[in-house]
Asker: 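Below: one structure in structure tokens.
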Amino acid sequence: MKRRKFIQNTILSGLGLSVATALTACADETKMTTITDETKAVSTGKPVIPMVIATWNVPNATKKAWEVLQAGKSALDAVEQGVMVEEADVNNQSVGKGGLPDRDGNVTLDACIMNKEGNYGAVVCIENIKHPISVARKVMEDTPHVLLAGNGAKQFAIESGFTPENLLTEASKKAWEEWKVKSEYKPVINVENHDTIGMLAIDKNGDISGACTTSGLSYKMQGRVGDSAIIGSGLFIDNEIGGATATGMGEEVLKTVGSFLIVELMRQGKSPQEACEEAVQRVVKKSPNYKDFQVGYIAVNKQGETGAYCIHEWFNYTTYQNDENKNHKADYYDKKK
Ligand code: SD4
């Protein structure tokens with residue numbers, strides 16, 4: 001099933017009731033590549049690198065990252081430039097410019113990046129900057145800190161040469177205005193639509209990096225920060241082992257430190273697929289209301305073997321590996337409907 005269908009099937013919560021129409025309208029048919037059958041871990045026995053894996057159906061982003069890797073650049077460059085493609089795409093209403101705003105109409109973005117040395121940089125609740133991932137990289141490389149928030153993050157970005165701009169597009173403003181009619185926050189959540197872009201890459205040297213970028217939960221409370229930019233939750237990389245990244249209900253990912261958990265499970269010998277499944281099961285076990293939200297993980301180990309798993313059907317992800325840019329449907333937990 002295509003992302004459009006996933007969106008149509010989604011019963012959006014009180015946090016984003018009217019988003020369905022907006023997201024359906026914005027879904028770009030040209031980007032819909034074939035979603036293959038549910039895939040378990042790609043187990044090849046021998047390293048399949050370089051490679052790129054990203055949450056959701058983002059062939060333009062994985063293609064960009066792949067090209068960067070083919071040019072002999074680092075995995076860090078690849079994931080930054082890869083997710084920038086989605087940040088710049090105004091039709092993607094969950095990331096960067098065009099992201100859906102918080103309940104007061106502010107587009108606030110979270111992003112983080114992690115390199116092969118285990119260094120990390122992040123920005124949360126940053127406004128007016130189209131490429132938070134690049135600001136996150138600058139935090140990592142140019143400051144003594146790892147995480148800048150809100151105005152401080154924006155100020156740093158401007159001082160670093162980023163140009164502030166309005167990120168609220170007409171389409172997102174319209175969706176927000178429609179949502180405001182009811183402004184329901186009551187969490188009657190079913191499966192929210194999540195389009196956070198988490199990307200992991202392994203370069204020709206076998207080194208791993210990752211990036212994660214989002215506008216977070218639409219119509220969230222002002223100041224709300226999700227999992228995406230928080231180390232260990234939305235993203236974690238250990239160059240000796242592998243990496244993992246998350247999409248979905250950030251509060252649930254945070255409570256189980258999902259990406260760190262997956263990397264640690266791989267360290268203990270689990271495959272990326274087994275590790276993603278166990279991390280999802282951890283969420284399910286801790287949250288009696290797991291039927292009301294989605295969490296999806298992707299992971300890769302040092303050999304380039306991949307895994308993906310989610311709670312509810314229709315989370316998909318994209319890999320660029322073996323010269324092939326491919327979308328896959330992830331296997332899922334809640335099969336008893
Ligand atoms: C968050 N994990 O802020 C993100 C939401 C998401 O597309 O995946 N949005 O909780």
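The model shown is predicted, which means the values in this text are computed figures rather than measured ones. Side chains included, hydrogens not; waters and symmetry mates left out as well; all remaining heavy atoms used. Numbering of ligands and ligand atoms starts at 1, following listing order.
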Asker: Pull out every atom of ligand 1 sitting under 4.0 Å from any heavy atom of Thr247, numbered as shown with elements.
Answerer: 8 (O)
Asker: Give the atoms of ligand 1, by number and element, whose distance to some non-hydrogen atom of Gly226 is under 4.0 Å.
Answerer: 3 (O)
Asker: I'd like to know if Asp227 pairs up with Lys255 as an ion pair, taking the criterion as any Lys NZ or Arg NE/NH1/NH2 lying under 4.0 Å from an Asp or Glu carboxylate oxygen.
Answerer: no
Asker: Which residue, Asn92, Thr214, Thr55, forms the side chain to side chain donor-acceptor pair (under 3.5 Å) with Glu86?
Answerer: Asn92
Asker: Which atoms from ligand 1 have a heavy atom of Asp227 less than 4.0 Å away?
Answerer: 1 (C), 2 (N), 4 (C), 10 (O)
Asker: Quick check on contacts: which atoms of ligand 1 are under 4.0 angstrom from a heavy atom of Leu217?
Answerer: 3 (O)
Asker: For Gly216, counting its heavy atoms only, list the atoms of ligand 1 lying under 4.0 Å from any of them.
Answerer: 3 (O)
Asker: If the threshold is 4.0 Å, N to carboxylate O, is there a salt bridge linking Lys291 and Asp334?
Answerer: yes
Asker: Suppose I only count heavy atoms of Ser228 and a 4.0 Å limit; which atoms of ligand 1 are within that range?
Answerer: 2 (N), 4 (C)
Asker: Indicate yes or no: does an N/O atom of Met249 lie under 3.5 Å from an N/O atom of ligand 1?
Answerer: no
Asker: Could you tell me whether Lys180 and Glu177 have a side-chain N and a carboxylate O separated by less than 4.0 Å?
Answerer: no
Asker: Run the contact test for Arg224 against ligand 1 with a 4.0 Å cut-off on heavy atoms, strictly below, and give the result.
Answerer: yes
Asker: Any idea which part of Val95 is under 4.0 Å from ligand 1, heavy-atom wise: side chain, backbone, both or neither?
Answerer: neither
Asker: Counting the benzene-type ring for Trp, do His328 and Tyr317 have ring centres under 6.0 Å apart?
Answerer: yes
Asker: Considering Ile230, Thr213, Thr196, Val295 one by one, which has a heavy atom nearer to atom 9 (N) of ligand 1 than any of the others?
Answerer: Thr196
Asker: Under a 4.0 Å N-O cut-off, is there an ion pair linking Glu178 with Lys174?
Answerer: yes
Asker: On a heavy-atom basis, I'd like to know which of Gly248, Gly198, Ser218 is closest to atom 4 (C) of ligand 1.
Answerer: Gly248
Asker: Are any non-hydrogen side-chain atoms of Phe315 and Ile298 less than 4.5 angstrom apart?
Answerer: yes
Asker: What I want to find out is whether Glu159 reaches Lys138 closely enough, with some N-O distance under 4.0 Å, to be called a salt bridge.
Answerer: no
